[in-house]
Amino acid sequence: MNIHICTDHGLIPPYAVMLLLSLAAGLGVQFVLNRREGIKQNIAAYGILLAPPMTGFFALLHTQIASGGKALGLSSIGGAVGMYASALTMAAISRRRESIGIMLRSCTLSLPIMYSISKIGCLLGGCCRGVDYSGVMCVEYSGERMGHLSAFPVQIAESAAFLVIFIIGMIMYARGRKNAAVAVIFLMSAAAKFALDFLRASHAGKMVSPNQLLCAAAVAVFIAVMAVQTHRKHSISERAYN
């Protein structure tokens, strides 16, 4: 059984629809989690207004930088940076020290569902397609823009993987393991993104792609920050005990 997709769409491209749905889902999750953790309603609401333009800006900026100014498109990694930037901005505006951790955690928990939904848009639009593949469950594209080709359904694999990651993270959060949920989501997301990038057509001829390098760098920074925080907590505990 193969999947046939014609990329000759009408006035409303499905990619744009799915992108808007992904933003709505992610920002909705952020708003609910922020309010649940005590963030004021106006701060949480303004965060929803600020996130889309910042996400779009950084998504476009990353594509421009990565391509040397030769390509115009939306980068998921750049979009994630924009989401974190908007969360940090609103946390600073709130002038509450604890808001930083809360809003960054809400942002991290929401990113997998956003990515999962957006990849369905990529599938329907034909972007970020998989390597050439004509086996079982291949995606058969047609239309003037794409021509006729068969590709591995990497977008479906990404969408399914990140949906599972989101569900795991939310279950851990609901059980009170909030910080552990953040760590699991961040590390699993980076690992999934790194592994599945091998199956993209854009990875052909490369040992490691720029996206994979960024994923590795993000994991290294995350682990370093966690190590520093753990060391600081141990130091505080030892001083309190003594």
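Here, residue 1 is the first one in the sequence, and each next residue gets the next number. Here the structure is a predicted model, which is why all the values come from computation and not from measurement.
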Does Leu111 form a side-chain contact (heavy atoms from CB on, under 4.5 Å) with Tyr115? I'd like the steps, not just the answer.
CA-CA 6 Å; Leu111 287 177; Tyr115 191 72; over 6 Å; no
Can a donor-acceptor pair be found, under 3.5 Å and without considering hydrogens, that links the side chain of [X] to the backbone of [Y]?
| X | Y | value |
| --- | --- | --- |
| Lys206 | Ser202 | yes |
| Ser118 | Met114 | yes |
| Gln155 | Cys127 | yes |
| Ser94 | Ala91 | yes |

State whether a side-chain donor-acceptor pair under 3.5 Å links [X] with [Y].
| X | Y | answer |
| --- | --- | --- |
| His203 | Gln212 | yes |
| Glu140 | Ser150 | no |
| Lys193 | Ser76 | yes |

Atom pair [atom1] ([X]) and [atom2] ([Y]), whose distance is rounded to the nearest 0.5 Å:
| X | Y | atom1 | atom2 | value |
| --- | --- | --- | --- | --- |
| Tyr15 | Ile120 | OH | CD1 | 13.0 Å |
| Phe162 | Met188 | CZ | CE | 9.5 Å |
| Ser86 | Leu27 | OG | CG | 7.5 Å |
| Lys40 | Ser99 | NZ | OG | 9.0 Å |
| Asn42 | Met90 | CG | CE | 7.5 Å |
| Ile171 | Phe166 | CD1 | CZ | 10.0 Å |

Is [Y] reachable from [X] through a run of hydrophobic residues whose side-chain heavy atoms are each under 4.5 Å from the next?
| X | Y | answer |
| --- | --- | --- |
| Met83 | Leu61 | no |
| Met137 | Leu124 | yes |
| Val136 | Leu199 | yes |
| Val154 | Val164 | yes |
| Leu33 | Ile167 | yes |

Using the side-chain contact (heavy atoms from CB on, under 4.5 Å) rule, take His62 and Leu214 through it: C-alpha gap first, then chi angles, then the decisive distance, then the call.
CA-CA 11 Å; His62 177 256; Leu214 286 174; 3.2 Å; yes
How far apart are the closest heavy atoms of [X] and [Y], and which atoms are they?
| X | Y | value |
| --- | --- | --- |
| Ile113 | Leu163 | CD1-CD1, 3.9 Å |
| Ile117 | Ala25 | CD1-CB, 3.6 Å |
| Val131 | Arg200 | CG1-O, 3.3 Å |
| Ala85 | Met54 | CB-CE, 3.5 Å |
| Leu74 | Thr63 | C-OG1, 3.8 Å |
| Ile39 | Ala44 | CG2-N, 4.0 Å |

Quick one, Met103 with Leu88, criterion side-chain contact (heavy atoms from CB on, under 4.5 Å). Give me CA distance, side-chain angles, the key distance, then yes/no.
CA-CA 7 Å; Met103 299 192 80; Leu88 285 172; over 6 Å; no
Is the shortest side-chain heavy-atom distance between [X] and [Y] below 4.5 Å?
| X | Y | value |
| --- | --- | --- |
| Phe186 | Leu109 | no |
| Arg105 | Asn179 | yes |
| Phe152 | Val139 | no |
| Ile165 | Met170 | no |
| Phe31 | Arg35 | yes |
| Ile156 | Lys119 | no |

More than 12 heavy atoms from other groups under 6.0 Å of OH on Tyr46
no
Among Thr89, Thr55, Leu104, side-chain contact (heavy atoms from CB on, under 4.5 Å) partner for Tyr84
Leu104
